[in-house]
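Below you'll find the structure, written out as C-alpha cells, and then a few comments.
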Amino acid sequence: AASDVYKRQALISMLGAGNVRTGELMKTHTTFRIGGAADYYVTPQAEKQIADVIAFLKKSDIKYIVIGNGSNILVSDEGFRGVVVELGDGFSDYEFLQDSQDNSDEVLVKASAGMKLTRLGNQLAANGIAGFEFATGIPGCIGGAVRMNAGAYGAVSYTHLTLPTK
C-alpha cells in the first residue's frame, strides 16, 4: 500500500535505513522472549530523532509504543500493528550533577531513559553511593521504572526521583 511506502520512507528519512526495520520479531526484544512481528521497529540515536519520530507518528495517527529493555511487556503472537520505538544504548548515559548539596547525603544523578537499572545501580555502588541497590534486581530501564514506578525489596522508584525543572 502507498501509505506503507510513505511511512517507511518517512521513518528512513528521519532515522536512516539502518535504524528502521519492518516485520521485526518482538520475541527478540522482550525479556519473556514472546511476541510476533512489529510492523516497524525503529532505533533512534539522538533525542531530536525521538522528537521527530513521535511528532510524525502522532500527526499521522500511527499507533506506537516506546520501549527500553523490553522487560515487563507482553506482545501478542500476532505482533504489534504500528511502530515500536526502542530507546537503546544511545540513551543509556548518566552523570553526577554538581548541584548536589555538599553537606547532604543526597546525590543527584541525571540518567537517560534507556539506562538499565542494574547498570546504574552497579555504577552508583562502585562510586560508593548507597540507596539504589534495590534497582539492581530489576531488568528494566530508567524510563520504564519511572513510568511504572518499578520497585523491588520494599523500595520503589518514585522515592528516589527528583523531577526535572525544565
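One-based numbering along the sequence shown. Heavy-atom basis, side chains included; hydrogens, waters and symmetry copies ignored.
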Other hydrophobic cluster members with Phe32, side-chain heavy atoms of Ile/Leu/Val/Met/Phe/Trp/Tyr under 4.5 Å, chained? Ile34, Leu74

If you count heavy atoms of other groups shown closer than 6.0 angstrom to CG of Asp89, is the number above 12? no

Under 4.5 Å between any side-chain heavy atoms of Ile50 and Val66, yes or no? no

Closest non-hydrogen contact found for Ala17 with Ile12 is N-CG2, 3.8 Å

Hey, could you give me the CE/CZ distance between Met14 and Phe56, rounded to the nearest 0.5 Å? 5.0 Å

For side-chain contact (heavy atoms from CB on, under 4.5 Å), just list the numbers for Val42 and Asn19, CA-CA rounded to whole Å, side-chain angles, deciding distance to a tenth of an Å, and then say yes or no. CA-CA 5 Å; Val42 301; Asn19 295 313; 5.9 Å; no

Return the NZ to CD1 distance between Lys59 and Ile54, rounded to the nearest 0.5 Å. 15.0 Å

How long is the straight-line distance from CD of Gln123 back to NZ of Lys116, given to the nearest 0.5 Å? 13.0 Å

Can a donor-acceptor pair be found, under 3.5 Å and without considering hydrogens, that links the side chain of Gln49 to the backbone of Glu47? no

Report yes if the side chains of Asp52 and Leu15 come closer than 4.5 Å at any heavy-atom pair, otherwise no. no

Check step by step if side-chain contact (heavy atoms from CB on, under 4.5 Å) holds for Glu24 and Thr22. CA-CA 5 Å; Glu24 183 76 8; Thr22 58; over 6 Å; no

Any side-chain to backbone donor/acceptor pair from Arg81 onto Glu78? Under 3.5 Å, distance only. yes

Using 0.5 Å steps for rounding, measure from the CZ atom of Arg119 to the OG atom of Ser92. 5.0 Å

Donor-acceptor contact below 3.5 Å, side chain Asp39 vs main chain Val83: no

Could you check whether any side-chain heavy atom of Glu95 comes within less than 4.5 Å of a side-chain heavy atom of Leu97, counting everything from C-beta outward? yes

Side-chain heavy-atom pair Tyr40, Lys7 within 4.5 angstrom cut-off: yes

If only atom types and distance count, is the side chain of Gln45 paired as donor or acceptor with the main-chain N or O of Thr43 below 3.5 Å? yes

Would you call Asp4 and Arg8 a salt bridge, taking side-chain N to carboxylate O under 4.0 Å as the test? no

Going by chain and number, the hydrophobic cluster around Met26 (ILVMFWY, side chain to side chain under 4.5 Å) further includes Tyr41, Ile65, Ile67, Ile73, Val75, Phe80, Val84

Could you tell me the separation between the CZ atom of Phe96 and the CD1 atom of Ile129, rounded to the nearest 0.5 Å? 4.0 Å

Going from CG on Leu124 to OH on Tyr94, what distance comes out if it is rounded to the nearest 0.5 angstrom? 7.0 Å

Taking the side chain as everything from C-beta on, heavy atoms only, tell me whether Leu117 gets closer than 4.5 Å to Thr136. no

Counting distance only, does the side-chain N/O of Ser112 pair as donor-acceptor with the main-chain N or O of Met115 below 3.5 Å? no

Which is it for Thr30 and Asn69 under the side-chain contact (heavy atoms from CB on, under 4.5 Å) test, yes or no, and what are the steps along the way? CA-CA 7 Å; Thr30 65; Asn69 198 39; over 6 Å; no

Backbone of Leu25 reached by a side-chain donor or acceptor of Thr28 within 3.5 Å: yes

